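Inspection log for the structure reproduced underneath, given as structure tokens.
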2 protein chains.
Amino acid sequence: MSEKKPTRSELKRQAILRAAKQAFQERGVNNTSMDELAALAEVSKRTVYNHFASKEVLIITLMSELWRQATQCDGGDYEADTDLKLQLCKLIEAEIAAICSREYIELNRVAFDYFFHQPEALRQQMEKFSAYETSITRWLKAAAADGRLRDLDIEIGSKQIHNLIKGSCFWPQLMQVNPLLDQQERHMLAERTAALFLSHYRA
Amino acid sequence: MSEKKPTRSELKRQAILRAAKQAFQERGVNNTSMDELAALAEVSKRTVYNHFASKEVLIITLMSELWRQATQCDGGDYEADTDLKLQLCKLIEAEIAAICSREYIELNRVAFDYFFHQPEALRQQMEKFSAYETSITRWLKAAAADGRLRDLDIEIGSKQIHNLIKGSCFWPQLMQVNPLLDQQERHMLAERTAALFLSHYRA
DNA sequence: AGGATTTTACACTAGGTAGTTTACTTTTGG
DNA sequence: CCAAAAGTAAACTACCTAGTGTAAAATCCT
């Protein structure tokens with residue numbers, strides 16, 4: 001019982017956020033009027049403004065919400081006595097799962113839509129979002145320190161991996177020119193990315 | 001003398017297109033009103049409509065214009081008796097020069113802005129724009145046929161190269177989160193992309 | 001010079017949007 | 001049960017935008 005008392009007010013608020021998410025993703029932030037949004041949420045326009053002081057506040061609130069939902073992943077740490085390729089592959093697959101998740105892409109879509117003409121604000125958002133890009137960096141450092149990778153600039157290597165991933169499962173999906181990757185496609189992408197990478201950097 | 005008679009009308013038209021390019025890129029298609037645009041071009045709004053029947057026509061015309069300007073590149077064909085890495089490197093560098101050119105990125109910026117919420121139309125534009133991606137494919141085919149590359153799926157290989165390139169010199173610049181690459185950065189990117197690629201696929 | 005073409009300023013139509021106000025109804029909770 | 005809190009519909013403000021109509025003025029061409 002400790003979690004059971006969604007007030008009517010809270011239900012309305014959730015309905016508004018749900019409608020905003022759908023409308024902003026499908027039709028865009030600028031192409032969704034507050035009237036349409038209220039209608040979609042089956043709520044009066046005044047109620048929208050009772051919960052959110054302005055359209056801007058609603059957008060920001062929604063993005064924080066999506067960000068919270070999309071924010072967790074991990075593929076494990078470096079292990080000295082396990083096969084390099086297997087480890088890297090697993091790690092990359094975890095990264096793919098996070099970056100290519102519907103939540104993450106939809107969040108980015110709203111953010112890009114909203115910030116496309118505000119490069120400074122976009123840069124800041126990107127930094128927040130790119131928190132993901134650290135787990136692979138950590139692993140590369142550990143593997144390099146252990147002498148199992150050679151000729152490796154961590155920054156560049158990490159970027160190469162992410163470029164190989166994102167070019168296939170993030171950017172095209174963000175732009176909706178390609179569908180999301182399924183389980184097997186993700187696996188194969190991880191597989192061949194790890195293979196290409198290790199061909200060059202394995203000690 | 002054969003090229004010297006820009007009529008006043010033509011000058012106005014150019015001024016409008018120049019202003020449109022600037023305004024659409026800096027402030028976005030939807031955030032630029034025809035009044036602002038006319039003011040920026042130092043032309044009366046009526047003149048804008050005398051030259052372009054509607055905002056839509058202006059946008060399409062501008063994109064065709066930018067497309068024409070951005071459209072030419074070549075890095076040479078495959079040669080059987082030249083060093084693989086040198087050839088590929090040169091080819092990649094040519095591709096980078098095209099994809100990362102200001103013209104090409106600005107074109108894509110206007111296109112993405114305009115088509116972000118019209119996935120079908122965007123897909124069509126992307127196909128037009130990605131004509132670039134063929135010269136590397138051609139080269140890979142030739143080199144593979146000549147037995148100097150192994151384990152290579154042309155489609156995947158070509159995509160890997162393009163992902164490695166675009167992740168560093170196209171997507172971030174399209175979003176204006178990173179500046180354009182200079183000559184040396186381009187060269188180094190081509191260099192390490194070719195190196196990574198050939199480590200894996202060289203026969 | 002003089003008629004045709006183009007440009008200009010400006011008023012105007014028609015429609016959309018963020019946000020507010022009002023008068024009324026429903027839900028909630030002590 | 002009843003007062004406070006929250007929700008509702010609808011009209012309303014104030015502003016923005018694409019596109020048009022018009023008559024006068026600048027420019028072009030022969």
Side-chain angles (χ1 to χ4, degrees), chain A residues 1-63 110 113-118, chain B residues 1-63 110 113-118:
Chain A
M1 300 285 151
S2 62
E3 314 217 354
K4 247 324 185 47
K5 46 176 175 181
T7 71
R8 181 176 64 146
S9 197
E10 190 53 30
L11 289 177
K12 297 283 178 183
R13 191 190 142 94
Q14 292 308 323
I16 294 167
L17 284 171
R18 202 163 37 239
K21 182 185 164 191
Q22 186 190 329
F24 289 167
Q25 279 162 7
E26 285 176 10
R27 311 171 27 76
V29 171
N30 295 319
N31 291 322
T32 302
S33 74
M34 293 301 262
D35 289 87
E36 287 169 333
L37 196 138
L40 183 60
E42 292 181 288
V43 137
S44 87
K45 185 168 149 183
R46 201 62 189 79
T47 297
V48 175
Y49 278 98
N50 283 343
H51 283 281
F52 305 96
S54 68
K55 192 178 186 179
E56 172 114 8
V57 168
L58 172 56
I59 294 163
I60 300 296
T61 305
L62 176 65
M63 292 205 302
V110 175
D113 186 24
Y114 186 63
F115 289 120
F116 196 66
H117 301 291
Q118 306 176 48
Chain B
M1 299 287 148
S2 61
E3 313 218 355
K4 249 322 185 48
K5 44 175 174 177
T7 72
R8 183 178 61 145
S9 197
E10 189 54 31
L11 289 178
K12 298 282 179 185
R13 191 190 141 94
Q14 292 307 323
I16 293 167
L17 284 171
R18 202 162 38 239
K21 182 184 164 192
Q22 186 189 330
F24 289 167
Q25 278 161 9
E26 287 176 9
R27 310 172 26 75
V29 171
N30 294 319
N31 291 322
T32 302
S33 74
M34 295 300 263
D35 289 88
E36 286 169 334
L37 196 139
L40 183 60
E42 292 181 291
V43 138
S44 87
K45 182 166 138 181
R46 205 65 188 75
T47 298
V48 175
Y49 279 98
N50 283 343
H51 283 279
F52 305 95
S54 67
K55 192 177 185 179
E56 172 114 8
V57 168
L58 173 56
I59 294 163
I60 300 298
T61 306
L62 176 66
M63 292 204 302
V110 175
D113 185 25
Y114 185 63
F115 289 119
F116 196 66
H117 300 290
Q118 306 176 48

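Side-chain atoms are counted along with the backbone in the values below, which use heavy atoms only and exclude waters and symmetry mates. Keep in mind the model is a prediction, meaning the values are calculated, not measured. By convention in this document, chain letters (A, B, ...) are assigned in the order of the sequence lines, proteins followed by strands, and residues within each chain are numbered from 1.
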Exercise: identify the closest heavy-atom pair between V57(A) and T61(A): O-OG1, 2.7 Å

Please answer whether the main-chain N or O of T7(B) pairs with a side-chain N or O of E10(B) as donor and acceptor at a distance below 3.5 Å. no

Taking the side chain as every heavy atom from C-beta outward, state whether F52(A) and L17(A) have any pair of such atoms under 4.5 Å apart. yes

If you define the side chain from C-beta out and look only at heavy atoms, does anything of R27(A) sit under 4.5 Å from L40(A)? no

Do F24(B) and I59(B) have side chains that get closer than 4.5 Å, going by heavy atoms? yes

Rounded to whole angstrom units, what separation is found between the CG atom of L58(B) and the C1' atom of dT17(D)? 15 Å

Using the side chain to side chain donor-acceptor pair (under 3.5 Å) rule, take H117(A) and N30(B) through it: C-alpha gap first, then chi angles, then the decisive distance, then the call. CA-CA 10 Å; H117(A) 301 291; N30(B) 294 319; over 6 Å; no

In residues 34-55 of chain B, which ones come under 4.0 Å of DNA chain D, going by heavy atoms? M34(B), K45(B), R46(B), Y49(B), S54(B), K55(B)

Nearest heavy-atom contact between M34(B) and S54(B) is CE-C, 4.4 Å

Here the pair of heavy atoms bringing L37(A) nearest to I16(A) is CD2-CG2, 4.1 Å

Need two values: the first and the last nucleotide of DNA chain C, 5' to 3', having an atom under 4.0 Å from any heavy-atom of chain B. dT6(C) to dA9(C)

